[in-house]
Amino acid sequence: MTAATDSPLFPQVPGSSQYSAPPSGADAVLDGLDPEQRAVATALHGPVCVLAGAGTGKTRAITHRIAYGVRAGILQPASVLAVTFTARAAGEMRGRLRQLGAGGVQARTFHSAALRQLQFFWPKAVGGEVPRLLERKVQLVAEAAARCRIRLDRTELRDVTGEIEWSKVTQTVPADYPAALAKAGREAPRDPAEIGQIYATYEQLKRERGSIDFEDVLLLTVGVLQDRHDIAEQVRAQYQHFVVDEYQDVSPLQQRLLELWLGDRDSLCVVGDASQTIYSFTGATPDHLLDFRTRHPHATVVRLVRDYRSTPQVVHLANGLLAQARGRAAEQRLELLSQRPAGAEPVFTEYADEPAEAEGTARRIRDLIASGVPASEIAVLFRINAQSEVYEQALADVGVPYQLRGAERFFERPEVREAGIKLRGAARFGANDTLLDGAVDLPSEVRAVFSDMGWTGQPPAGSGAARDRWESLAALVRLAEDFTRARPEATLADLVAELDERANAQHAPTVEGVTLASLHTAKGLEWDAVFLVGLTEGMLPIHYARTDEQIEEERRLLYVGITRARLRLTLSWSLARSPGGRASRSASRFLHGLRPGSGAAGRRTVGAAAGGVERGTGTAPGRSRRTHRTPARCRVCNKTLTDAGEMKLMRCEECPSELDEALYERLRDWRAEQAGRTRQPAYCVFTDKTLMAIAEAVPATAAELAVISGVGRRKLDRYGTDVLSLCAGEELAGAGEEGAEDAAENSSEK
């Protein structure tokens, strides 16, 4: 139901010539705006297009624009409708408007605004009650597939549901789905004819049951406004002025609804940045933003380019990336101008392999936190969610708390849980399982078990849930391969135990910590320090991005990642997947010509480079690069160690352990008590491997304790006295008082 139900209807907004100068109260709203933001705020008539670069204060500009119009008496609050794409963004806009004295303005998502109108006008336009709204369409899609005698697993079900949503926001009917798919250059998760059949049956089931979905809300509102001119005029009489945020993300269906709201008027302000279009897979298109001046030749166009978020060094890199872009969006790219003091140069780091990249990133983050940067102001951003696991583990190993944004923790993902159950069953009853016949080693056993989950050696086409599921299983297969390399005699049972240990460490309570997120999830957010990881060919751009337009969207995704950083930015990649593997990877093509020492093509050559360039040493920015590092060797057999867990223990897994089990249990009990007092996960005190190493070495002095991997200076200062007392078999005194001090210190750090 719209505001038309309980608000008076206001006349058309008069031209400025009919009004005297705005009262002084309105002028106060303009205080603190830069010249371009002020131009936005005072452009109250006719179509207005605001091209707003990342970090340029677009929300500030448009909320002050609305508030200025309201306080000047030019806009009536209830006659303004501001629409955006997320409930969070709409809520933020409403909050700012209230603070500026324009609390009566409607700020909603497209779906929310349309649903209110549909609910109010349905009895008049159609009669009866509004059909029941489906909160989740997945169950009905599953039923439609079953009626079509098409079997979908859980992942395929999510992907087919996504295809139906895309079809509806692009106004594609079931019969036209295969042709529309080909025209858009999309890759379907299944045969397009099958998806079209499921789509048609899904629509039939909805009609039979009197239900509608969220896309129908937009479609039906469009239908009512098109067919009932009296209702359209009533809506237009209520809403005189429209503001659309993130205009580069509108779908064809949303654009059609906006046009019907407007009618033949042009009191419209749109805000967007074509260089941040990264959701085309959902039906979003920047064409409406790019064509705005064609549709409205007399539009006022304001470019916001003063970047208040990032340092000149970060902005320079972002500008350089877009300077290489092609296509329509690149034609309207904005050259940002940083308004912040100079900062550190972006750091480019090449690592030998993925574990080294994750461990190096974790050490840098640990050092940043030690220098005073809050963990909540640090983010690790990657292309796909399946990349998170190695960073979750690396951060856990150095005692840094983290939070995963926009995705389940790796070991909480449904496919990973299912895989764990199947591996546990195979470990227990594998001798009688024909599925394992022919498996010659642990990795082949894992692949055989996963084949029962639909696993194949080749990834599925395209992106989506099926791809995410495959990537999660692929990460587990790689883990099995690495585990076997470190322990050639390991069994399925050993692997299950390893997975359990990792899961236990990462199922700790969520705490305030470093953000781990995909680049898509990071849109609209910002941090003091950002680590962009895994920047290799095949990952960014992702290997299934084939067309020029798809490649350019991948470039824009990296641009979004770069512009999330305020002060510090680190970009990294690795040459091999696992330690000792073939160095067959290369840095992303998007970095060529941007990182110091890189040419137009090819991987960076080894050698000295200026501008903060580092190559896989894991040292913090500004520290000298070590030219030689003594390899870690087993303290029992003197074999060179490459596995991170073995390096922590300083021995091969198969070598005899001198573990003092009683001491190990005392250390675990003490760790649990410390974690409880400081309200942090146990692994942030010490990881299991570090406790095991302590219980094997039984250090007698601080110097002996300090050399154990995972201790470090800060933990030595904080916990060293307790640990050495436990190693000496002594009872701890004053634990409660020390625990309270730890809690206070931990709280102040956060």
Side-chain angles (χ1 to χ4, degrees), residues 52-56 273-278 304-326 329-330 333-351 357 361 364 368 373 377-383 517 519 522-537 539-541 551-573 586-604 609-615 620-622:
T56 56
D273 180 7
S275 296
Q276 296 189 68
T277 305
I278 59 173
L304 301 183
V305 297
R306 299 175 194 252
D307 187 311
Y308 297 95
R309 176 187 298 159
S310 305
T311 63
Q313 288 74 13
V314 172
V315 167
H316 178 71
L317 182 65
N319 286 336
L321 176 67
L322 287 190
Q324 302 175 358
R326 302 174 182 175
R333 71 182 182 87
L334 299 167
E335 188 84 11
L336 299 178
L337 299 171
S338 175
Q339 305 299 298
R340 298 194 67 140
E345 289 288 341
V347 175
F348 297 86
T349 308
E350 183 176 276
Y351 290 93
E357 184 178 7
T361 300
R364 287 170 177 265
L368 278 178
V373 179
E377 286 296 343
I378 303 173
V380 179
L381 306 181
F382 32 76
R383 176 61 179 84
L519 288 166
K523 177 75 166 64
L525 304 174
E526 58 187 74
W527 297 269
D528 282 349
V530 169
F531 292 79
L532 300 177
V533 299
L535 302 181
T536 61
E537 280 293 300
M539 187 56 71
L540 195 73
I551 294 295
E552 287 306 313
E553 182 152 339
E554 294 288 301
R555 187 193 306 276
R556 294 195 294 269
L557 196 57
L558 178 57
Y559 175 78
V560 166
I562 290 173
T563 55
R564 300 310 94 194
R566 297 191 194 105
L567 305 176
R568 296 178 176 88
L569 177 65
T570 300
L571 306 93
S572 64
W573 61 95
S586 61
S588 168
R589 71 188 73 174
F590 300 143
L591 302 182
H592 296 164
L594 298 180
R595 52 193 175 98
S598 68
R603 190 168 66 238
R604 176 169 34 160
V613 178
E614 296 182 50
R615 294 178 174 83

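Excluded from the calculations below are hydrogen atoms, water molecules and symmetry mates; all remaining heavy atoms, backbone and side chain alike, are included. Being a predicted model, the structure only gives us computed values, none of them experimental. Residue numbers run from 1 in the order of the sequence given.
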Looking at Val315, is its backbone amide N or carbonyl O close enough to the side chain of Ser310 to form a donor-acceptor pair, meaning the two atoms are under 3.5 Å apart? no
Minimal heavy-atom distance between Pro312 and Ala342, with the atoms involved, is CD-CA, 3.8 Å
Between Arg309 and Glu526, does any NZ, NE, NH1 or NH2 come within less than 4.0 Å of an OD or OE carboxylate oxygen? yes
Please answer whether the main-chain N or O of Trp527 pairs with a side-chain N or O of Glu377 as donor and acceptor at a distance below 3.5 Å. no
What's the verdict on side chain to side chain donor-acceptor pair (under 3.5 Å) for Arg364 and Thr349, showing C-alpha distance, side-chain angles and the deciding distance? CA-CA 12 Å; Arg364 287 170 177 265; Thr349 308; 3.1 Å; yes
Side chain to side chain contact (heavy atoms under 4.5 Å, CB included) evaluation trace for Val347 with Leu571: CA-CA 6 Å; Val347 175; Leu571 306 93; over 6 Å; no
Salt-bridge criterion met for Glu335 and Arg333 (N-O under 4.0 Å): yes
Ile551 vs Phe590 side-chain heavy atoms within contact, under 4.5 Å: yes
Shortest non-hydrogen separation from Arg595 to Ala587 and the atoms involved: NH2-CB, 3.9 Å
Would you sort out whether Thr311 and Arg566 count as a side chain to side chain contact (heavy atoms under 4.5 Å, CB included), showing the intermediate values? CA-CA 6 Å; Thr311 63; Arg566 297 191 194 105; over 6 Å; no
Counting C-beta onward and ignoring hydrogens, is there a side-chain heavy-atom pair between Lys523 and Ile278 closer than 4.5 Å? yes
Atom pair CG (Leu569) and CG (Leu317), whose distance is rounded to the nearest 0.5 Å: 6.0 Å
Audit row: Glu537, Ser586, side chain to side chain donor-acceptor pair (under 3.5 Å) steps and yes/no: CA-CA 6 Å; Glu537 280 293 300; Ser586 61; 5.7 Å; no
Atom OG1 in Thr56, atom CD in Gln339: separation rounded to 0.5 Å? 10.5 Å
Ionic contact status for Glu552 with Arg326, cut-off 4.0 Å: no
Note: Leu535 and Trp573 closest approach over all heavy atoms is O-CB, 3.3 Å
Just verifying a value: how many Å separate Ser338 OG and Gln313 CD, rounded to the nearest 0.5 Å? 8.0 Å
Least distance between heavy atoms, Leu368 atom then Ala529 atom: CD1-CB, 3.9 Å
Is there side-chain contact between Asp307 and Leu337, with heavy atoms separated by less than 4.5 Å? no
Does Arg564 use its side chain to pair, donor to acceptor, with the backbone of Leu525 at less than 3.5 Å? yes
What are the two closest heavy atoms between Ala52 and Leu334, and how far apart are they? C-CD1, 3.7 Å
Out of curiosity, Phe348 CZ to Leu594 CG, how far, rounded to the nearest 0.5 Å? 6.0 Å
Correct closest heavy-atom pair for Thr563 and Ala318 would be CG2-CB, 3.8 Å
Could you check if a side-chain atom of Val380 sits within less than 4.5 angstrom of a side-chain atom of Thr361, using non-hydrogen atoms only? yes
Determine, stepwise, if the pair Leu591 / Leu558 fulfils side chain to side chain contact (heavy atoms under 4.5 Å, CB included). CA-CA 10 Å; Leu591 302 182; Leu558 178 57; 4.3 Å; yes
I want to check something: taking the side chain as every heavy atom from C-beta on, are Leu532 and Leu519 in contact at a cut-off of under 4.5 Å? yes
Phe531 vs Ser572 side-chain heavy atoms within contact, under 4.5 Å: no
Main-chain N/O of Leu336 paired to Asn319 side chain as donor or acceptor, under 3.5 Å: yes
Tell me whether Arg556 contacts the main-chain N or O of Thr277 through its side chain, where contact means a donor paired with an acceptor under 3.5 Å. yes
Ignoring hydrogens and angles, tell me if any N or O in the side chain of Glu357 forms a donor-acceptor pair with the backbone of Gly534 under 3.5 Å. yes
